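Step one of this worksheet: look at the structure below.
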Amino acid sequence: MILIFLLLTQLSIGSMITLLAVPLHETGRGYFRFTSLTSLFLLGIAFFLWSYPLVTWQELLSGYGAILFTNWTGRTLLLLVVYTLLVLLCFFVLTPERPSLSRKLLGASVLAGILVLICLAMVYRNQLGLGLWWENLLFPGNFLTSALLLGSASFAMVLGHWYLVTPDLSIDPLRSLSLLFIGSLILRLVLILLTLGLYWTEGETGRQLLEILLNLKGYGVFFWFRLLFGLLAPLACSYMIWETVKIRSTQSATGMLYVTMLFVLAGELLARFLLFVTKIPV
């Protein structure tokens with residue numbers, strides 16, 4: 001259940017991040033409301049799958065200071081509530097008629113979501129990490145890039161379908177999200193290579209973890225499947241996506257984005273599994 005919780009939470013936050021790359025005045029209020037509602041739906045499912053911490057509402061109301069502010073789990077819970085409320089406001093408030101307020105509210109919700117991912121990453125860094133100083137950056141970076149990749153892949157596909165609703169929509173929003181997806185995919189690959197390099201240079205302990213991760217007799221089969229189908233296959237698809245977007249073939253681009261989204265979802269789910277069994281964020 002914790003794997004699904006992390007996947008849905010990252011997808012929820014990643015979906016709101018993608019809205020920063022889409023002009024509200026071009027796509028209209030409907031697309032932003034759909035994305036906000038989807039983010040809330042994903043977060044609602046994720047929240048009920050999160051079995052940690054087991055805190056009753058009575059304990060929360062009577063000792064909220066100790067629970068919410070003294071550890072990473074409490075901060076995560078607090079920020080999840082703040083993020084949910086901000087996304088709910090986005091659903092009702094975002095409109096082209098109020099561009100300044102809409103930008104500020106969207107920016108606040110994205111910031112809250114990023115803080116949720118950082119705190120959540122630190123929860124699992126303290127549980128799984130070796131205590132190395134650079135893991136304080138590596139775990140949050142992994143969670144953030146995963147959210148960006150999930151959000152850009154999934155909601156570029158959703159935006160592609162939006163052209164069926166508004167066929168006169170400019171190609172610029174789809175071009176922007178396609179570029180965001182390609183950039184986040186490259187960033188994800190670079191971070192994974194950096195991660196492998198850091199654990200390799202850490203000495204015997206780090207190399208033992210890498211051997212478990214890469215060896216086919218260990219969990220290597222899952223890692224190579226994650227690399228092949230979760231990163232390299234989407235990278236190959238990204239070229240075809242970009243070429244179809246350039247010629248304004250939105251239906252072809254949407255079809256490729258749909259296949260790519262499935263690859264990314266499977267790859268990121270495997271990545272969360274590998275994190276818990278090998279303690280390496282990939």
Side-chain angles (χ1 to χ4, degrees), residues 2-22 34-35 38-39 41-43 45-46 110 113-114 117 120-121 139-162 173-196 213 219 221-245 250 252-276 280-282:
I2 193 63
L3 304 182
I4 304 298
F5 162 75
L6 286 175
L7 188 75
L8 294 180
T9 303
Q10 290 168 338
L11 179 55
S12 169
I13 296 170
S15 68
M16 295 303 293
I17 295 175
T18 64
L19 291 181
L20 294 175
V22 179
F34 176 82
T35 304
T38 303
S39 177
F41 178 72
L42 293 170
L43 196 64
I45 297 174
V110 168
I114 290 173
L117 290 177
L120 197 56
F139 272 72
N142 179 274
F143 277 44
L144 288 169
T145 55
S146 177
L148 187 59
L149 180 59
L150 284 165
S152 59
S154 300
F155 282 83
M157 184 273 296
V158 171
L159 182 60
H161 282 88
W162 212 255
L174 185 58
R175 182 184 291 116
S176 298
L177 277 195
S178 298
L179 285 173
L180 181 63
F181 162 67
I182 295 170
S184 63
L185 181 59
I186 293 173
L187 185 61
R188 194 87 172 96
L189 272 167
V190 170
L191 185 61
I192 289 173
L193 292 175
L194 177 63
T195 299
L196 298 178
L213 176 69
Y219 292 99
V221 63
F222 296 103
F223 173 76
W224 295 114
F225 266 97
R226 185 269 183 281
L227 184 64
L228 178 61
F229 293 102
L231 294 169
L232 297 182
L235 188 62
C237 291
S238 66
Y239 172 76
M240 292 180 277
I241 291 168
W242 181 244
E243 289 299 316
T244 53
V245 168
T250 57
S252 298
T254 303
M256 290 304 306
L257 282 164
Y258 181 78
V259 174
T260 302
M261 180 197 70
L262 296 179
F263 281 139
V264 169
L265 286 172
E268 293 305 309
L269 186 60
L270 276 176
R272 300 286 75 80
F273 168 73
L274 289 168
L275 171 64
F276 283 96
I280 297 179
V282 292

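Fair warning: this is a prediction, and the values are worked out from it, not measured in the lab. Each residue takes its place number in the sequence, starting with 1.
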task: Check the pair Leu196 / Leu213 against side chain to side chain contact (heavy atoms under 4.5 Å, CB included), numbers first and verdict last.
output: CA-CA 10 Å; Leu196 298 178; Leu213 176 69; 3.8 Å; yes
field: Close side-chain approach of Ser15 and Thr38, heavy atoms under 4.5 Å
entry: no
statement: Heavy-atom closest pair (Cys237 atom, Thr260 atom, distance to 0.1 Å) is CB-OG1, 3.2 Å
message: Would the distance check show the side chain of Ser178 and the main-chain N or O of Leu174 forming a donor-acceptor pair, the cut-off being under 3.5 Å?
response: yes
task: For the residue pair Ile4 and Leu269, establish whether any side-chain heavy-atom pair is separated by less than 4.5 Å.
output: yes
message: Once rounded to the nearest 0.5 Å, what's the spacing between atom CG of Leu231 and atom CD1 of Ile186?
response: 11.5 Å
query: Do we see a donor-acceptor contact under 3.5 Å between the side chains of Thr18 and Ser152?
result: no
Pairwise side-chain contact, Val110 with Leu19, heavy-atom cut-off 4.5 Å (strictly under): no
message: Using a 3.5 Å distance criterion without hydrogens, assess whether the side chain of Ser39 forms a donor-acceptor pair with backbone atoms of Thr35.
response: no
statement: Between Phe155 and Leu177 the two heavy atoms that sit nearest each other are O-CD1, 3.6 Å
query: Between Tyr219 and Phe273, how do the two ring planes meet: parallel, tilted or perpendicular, split at 30° and 60°?
result: perpendicular
- request: Determine the minimum heavy-atom distance between Leu185 and Pro234, stating which atoms define it.
  value: CD2-C, 3.6 Å
- prompt: Looking at CD1 of Ile280 and CZ of Phe139, how far apart are the two atoms once the value is rounded to the nearest 0.5 Å?
  reply: 9.0 Å
message: Distance check, rounded to the nearest 0.5 Å: Leu3 atom CG versus Arg272 atom CZ?
response: 9.0 Å
message: Measuring from atom CG of Leu8 to atom CD1 of Ile45, what distance do you get when rounded to the nearest 0.5 angstrom?
response: 6.0 Å
task: Let me see the working for Gln10 and Leu148 under side chain to side chain contact (heavy atoms under 4.5 Å, CB included), right down to the final yes or no.
output: CA-CA 8 Å; Gln10 290 168 338; Leu148 187 59; over 6 Å; no
message: If you apply the rule side chain to side chain contact (heavy atoms under 4.5 Å, CB included), what do you find for Trp162 with Val22, and how did you get there?
response: CA-CA 12 Å; Trp162 212 255; Val22 179; over 6 Å; no
query: Which pair of non-hydrogen atoms, one from Ile114 and one from Leu144, has the smallest distance, and what is that distance?
result: CG2-CD2, 3.7 Å
- prompt: Can you tell me if OH on Tyr239 sees more than 12 non-hydrogen neighbours from other groups inside 6.0 Å?
  reply: no
query: Which pair of heavy atoms, one from Glu268 and one from Ser146, lies closest together, and at what distance?
result: OE1-OG, 2.7 Å
message: Go through it in stages, so that I can follow the logic: the residues are Phe143 and Leu275, the test is side chain to side chain contact (heavy atoms under 4.5 Å, CB included), and I'd like the CA-CA distance, side-chain angles, deciding distance and then a yes or no.
response: CA-CA 11 Å; Phe143 277 44; Leu275 171 64; 4.0 Å; yes
- request: Give, for atom CG of Leu191 and atom CG of Asn142, the distance between the pair rounded to the nearest 0.5 Å.
  value: 6.0 Å
- request: Look at the side chain of Ser154 and the backbone N and O of Gly151, then say whether any donor-acceptor pair between them is shorter than 3.5 Å.
  value: no
message: Tell me if a side-chain donor or acceptor on Arg226 pairs with a main-chain N or O of Val282 at a distance below 3.5 Å.
response: yes
- prompt: What's the spacing between Leu187 CG and Ile192 CD1 if we round to 0.5 Å?
  reply: 10.0 Å
- line: Here the pair of heavy atoms bringing Ser238 nearest to Phe181 is CB-CE2, 3.9 Å
